[in-house]
Amino acid sequence: MSDPTRTNDDDQNGVVVFAYDFPHRKTQEFLLRLFLERRNVSAVLAAPRVELDISPSSIRTKVRHSGLVHPRDVAERFGFPYHRVAHSGEEIEAILDRLSPDIGLVAGARILGPPIVERFGVGIINLHPGRLPEIRGLDALFWSIEKDVPLAITSHLIDERVDAGSMLERRLLHAERDDTAFDLSERLFEGQLEMLGSAIDLAAAGAAVPLEVTHGYNRKMEPEQEQRAMAKLGAYLARHYGGED
C-alpha cells in the first residue's frame, strides 16, 4: 500500500474512475482501495450494463460473489462524485472537458476510444492480470499457461490499442505448486489492488515507459483450448514456481 500519510490533495486534480453502473467486484474493490489510500477522486464515470456476445468459460476460475454493493452507494458513502454515463459520446466528453483530468483509472470499462483517452493530461491507468506485452487481451490466466509465460500483473497507461500503451510497473505473481485456478485468479485480482496506489504515483511522476507491442491480442479462448491449458497447470506451476520433479 502507498504512504498512509498522503492526503487527498496529493493527486493533482483528482483521479477519474471508469466504472460499471451495476454491482461489480472490481469496481467496488477499486473504489474501496482508493478511499482507504485517501486518494482524491474527482469523478466516478459509471457505464450502464451492455450485453456482450461472449460465451462464458467452460472452466470457472472465479468465485460467484453475493452481497456486492451498488457502485453508486459506495461512491456516495465515500464522497466520490458519481455519474451514470456511457463511456463514449458527447455526454462523457463534456464531463471530461469540465474536469480537465490528468489521471484516469479503469475499474470497469470496455475499450475506451481516442476521444476519451486524449482528454487526460497524463493518461488512463489499466491494471492487467497478465505479463505485457506477451499476454494481451482476454483470458490472461489461461493464455499465460498455454503460452508458458509466468503469471504477472502489469499496470500501464492505455492507448487506442488493446493492452498496449506505456508500462508503469510489472510484478510477477507469487504462486505455489499446489495452487488451483481459483487461487491464481484471486491472487491476480488481489495483486491489482496492491499495485493501484503505486500505479497512480508512477503515472503522476511521469515514469511510464512505452510498451513495445510484439505480440498479438488474445481473444476469448475456445473451450477445447481451456481444457488443454488446465491440463498443463500442474507442470506449469512446477516449472515456474517449484522446479521440476
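Residue numbers run from 1 in the order of the sequence given. Excluded from the calculations below are hydrogen atoms, water molecules and symmetry mates; all remaining heavy atoms, backbone and side chain alike, are included.
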TODO: Specify the closest pair of heavy atoms between L237 and R177, including all atoms of both residues, with the distance to one decimal.
DONE: CD1-O, 3.6 Å
Task: Backbone of P115 reached by a side-chain donor or acceptor of E118 within 3.5 Å - done: no
Open item on the list: Tell me if a side-chain donor or acceptor on S185 pairs with a main-chain N or O of A181 at a distance below 3.5 Å.
Closed with: no
TODO: Ignoring hydrogens and angles, tell me if any N or O in the side chain of W143 forms a donor-acceptor pair with the backbone of K220 under 3.5 Å.
DONE: no
Open item on the list: Heavy-atom count check: over 12 atoms from other residues, nucleotides or ligands less than 6.0 Å from R161 CZ?
Closed with: yes
Open item on the list: Assigning hydrophobic clusters by single linkage (Ile, Leu, Val, Met, Phe, Trp, Tyr; side-chain heavy-atom cutoff under 4.5 Å), is I145 placed with L188?
Closed with: yes
Task: side-chain hydrogen bond (donor to acceptor under 3.5 Å, both in side chains) partners of D97, counting only residues at least two apart - done: R119
Task: L138-L132 co-clustered via ILVMFWY side chain contacts under 4.5 Å - done: no
Open item on the list: Tell me whether R136 contacts the main-chain N or O of V162 through its side chain, where contact means a donor paired with an acceptor under 3.5 Å.
Closed with: yes
Open item on the list: Which heavy atom of E37 sits nearest to which heavy atom of G197, and what is that distance?
Closed with: OE1-CA, 3.2 Å
Task: Separation of L168 CG from L127 CG (nearest 0.5 Å) - done: 8.5 Å
Task: Nearest non-hydrogen partners of A203 and L157, listed with the distance - done: CB-CD2, 4.2 Å
Open item on the list: Please determine whether side-chain contact (heavy atoms from CB on, under 4.5 Å) holds for the pair L105 and L34, giving the CA-CA distance in whole Å, both sets of side-chain angles, and the decisive distance to 0.1 Å.
Closed with: CA-CA 10 Å; L105 174 68; L34 290 166; 3.9 Å; yes
TODO: Could you check whether the rings of Y20 and F22 sit parallel, tilted or perpendicular, using 30° and 60° as the cut-offs?
DONE: parallel
Task: For the student: nearest non-hydrogen atoms of S166 and P210, plus distance - done: OG-CA, 3.7 Å
- [ ] State the CD-CG distance between E186 and D179, to the nearest 0.5 angstrom.
- [x] 11.5 Å
Task: Flag, side chain of R131 to backbone of V149, donor-acceptor distance under 3.5 Å - done: no
Open item on the list: Could you check whether D201 and S198, counting side-chain N and O atoms only, form a donor-acceptor pair closer than 3.5 Å?
Closed with: no
Open item on the list: Do P101 and L96 have side chains that approach each other closer than 4.5 Å (heavy atoms only, starting at C-beta)?
Closed with: yes
TODO: Measure from the side-chain N and O atoms of H70 to the backbone N and O of R72, and report whether any donor-acceptor pair falls under 3.5 Å.
DONE: yes
TODO: Could you check if a side-chain atom of F182 sits within less than 4.5 angstrom of a side-chain atom of R60, using non-hydrogen atoms only?
DONE: yes
- [ ] Compare all side-chain heavy atoms of F189 with those of R25 and state whether any distance is below 4.5 angstrom.
- [x] yes
- [ ] Please assess R171 against E190 for the test salt bridge (charged side-chain N to carboxylate O under 4.0 Å, His left out), listing each intermediate value before the final yes or no.
- [x] CA-CA 12 Å; R171 295 184 190 176; E190 291 172 346; over 6 Å; no
Open item on the list: Starting from V209, can I reach V213 by hopping between I/L/V/M/F/W/Y residues whose side chains sit under 4.5 Å apart?
Closed with: no
Open item on the list: Counting C-beta onward and ignoring hydrogens, is there a side-chain heavy-atom pair between E226 and D139 closer than 4.5 Å?
Closed with: yes
Open item on the list: For a 4.5 angstrom cut-off between non-hydrogen side-chain atoms, does E93 reach I116?
Closed with: yes
- [ ] For the pair F18 and L112, evaluate side-chain contact (heavy atoms from CB on, under 4.5 Å) and give the outcome as yes or no after the intermediate values.
- [x] CA-CA 10 Å; F18 292 88; L112 299 173; 4.0 Å; yes
TODO: Say whether, by atom type as modelled, one donor and one acceptor occur between the side chain of H87 and the main chain of L45 under 3.5 angstrom.
DONE: yes
TODO: Calculate, to the nearest 0.5 Å, the distance between atoms CZ and CG belonging to R33 and L31 respectively.
DONE: 13.0 Å
Open item on the list: For H128 and H156, take the angle between the two ring planes, folded into 0 to 90°, and tell me which bin it lands in: parallel under 30, tilted 30 to 60, perpendicular over 60.
Closed with: perpendicular
Task: Listed partners of S100 passing side-chain hydrogen bond (donor to acceptor under 3.5 Å, both in side chains), at least two apart - done: none
Open item on the list: Between L36 and I103, is there shared hydrophobic-cluster membership here, with clusters defined by ILVMFWY side-chain heavy atoms closer than 4.5 Å?
Closed with: yes
Task: Approximate separation, where rounding is to 0.5 Å, of D102 CG and N13 CG - done: 4.5 Å
Task: Flag, side chain of T154 to backbone of G130, donor-acceptor distance under 3.5 Å - done: yes
TODO: Kindly determine whether R228 and E146 satisfy salt bridge (charged side-chain N to carboxylate O under 4.0 Å, His left out), including the steps that lead there.
DONE: CA-CA 8 Å; R228 289 197 299 269; E146 177 67 20; 5.0 Å; no
- [ ] For E160 and G113, indicate whether the former's side chain and the latter's backbone hold a donor-acceptor pair under 3.5 Å.
- [x] no
Task: Check: G137 main-chain N/O paired with D163 side-chain donor or acceptor under 3.5 Å - done: yes
Open item on the list: Using every non-hydrogen atom in the two residues, find where T27 and A19 come nearest and quote the distance to one decimal.
Closed with: CG2-CB, 3.6 Å
Task: Straight-line distance of Y236 OH to Y241 OH, nearest 0.5 Å - done: 4.5 Å
Task: Close side-chain approach of M221 to S57, heavy-atom, < 4.5 Å - done: no
Open item on the list: K232 vs D148, test: salt bridge (charged side-chain N to carboxylate O under 4.0 Å, His left out). Steps then yes/no.
Closed with: CA-CA 9 Å; K232 300 175 182 177; D148 200 29; over 6 Å; no
TODO: Could you list the residues that satisfy side-chain hydrogen bond (donor to acceptor under 3.5 Å, both in side chains) with D21, not counting sequence neighbours?
DONE: Y82, R84
Open item on the list: To the closest 0.5 Å, what do you measure between OG1 (T61) and CG (D183)?
Closed with: 11.0 Å
Open item on the list: Set out, in order, the CA-CA distance, both residues' side-chain angles and the distance that settles side-chain contact (heavy atoms from CB on, under 4.5 Å) for I59 and F142, then state yes or no.
Closed with: CA-CA 10 Å; I59 298 176; F142 289 140; 4.1 Å; yes
TODO: State, yes or no, whether a side-chain contact exists between R170 and I153 at a heavy-atom distance under 4.5 Å.
DONE: no
Open item on the list: Applying side-chain hydrogen bond (donor to acceptor under 3.5 Å, both in side chains) to E169 and S155, what does each step give before you reach the verdict?
Closed with: CA-CA 5 Å; E169 184 179 10; S155 61; 4.6 Å; no
- [ ] With side-chain contact (heavy atoms from CB on, under 4.5 Å) as the test, would you mind laying out the steps for L151 and L184 before giving the verdict?
- [x] CA-CA 9 Å; L151 295 169; L184 299 172; 3.8 Å; yes
- [ ] Could you tell me which non-hydrogen atom of P71 sits nearest to which non-hydrogen atom of P23, and how far apart they are?
- [x] CD-N, 3.8 Å
- [ ] Flag yes if L196 and F120 sit in one hydrophobic cluster, no otherwise; membership is Ile, Leu, Val, Met, Phe, Trp, Tyr, and two members link when side-chain heavy atoms are under 4.5 Å apart.
- [x] no
Task: Heavy-atom side-chain contact between L32 and E29 under 4.5 Å - done: yes
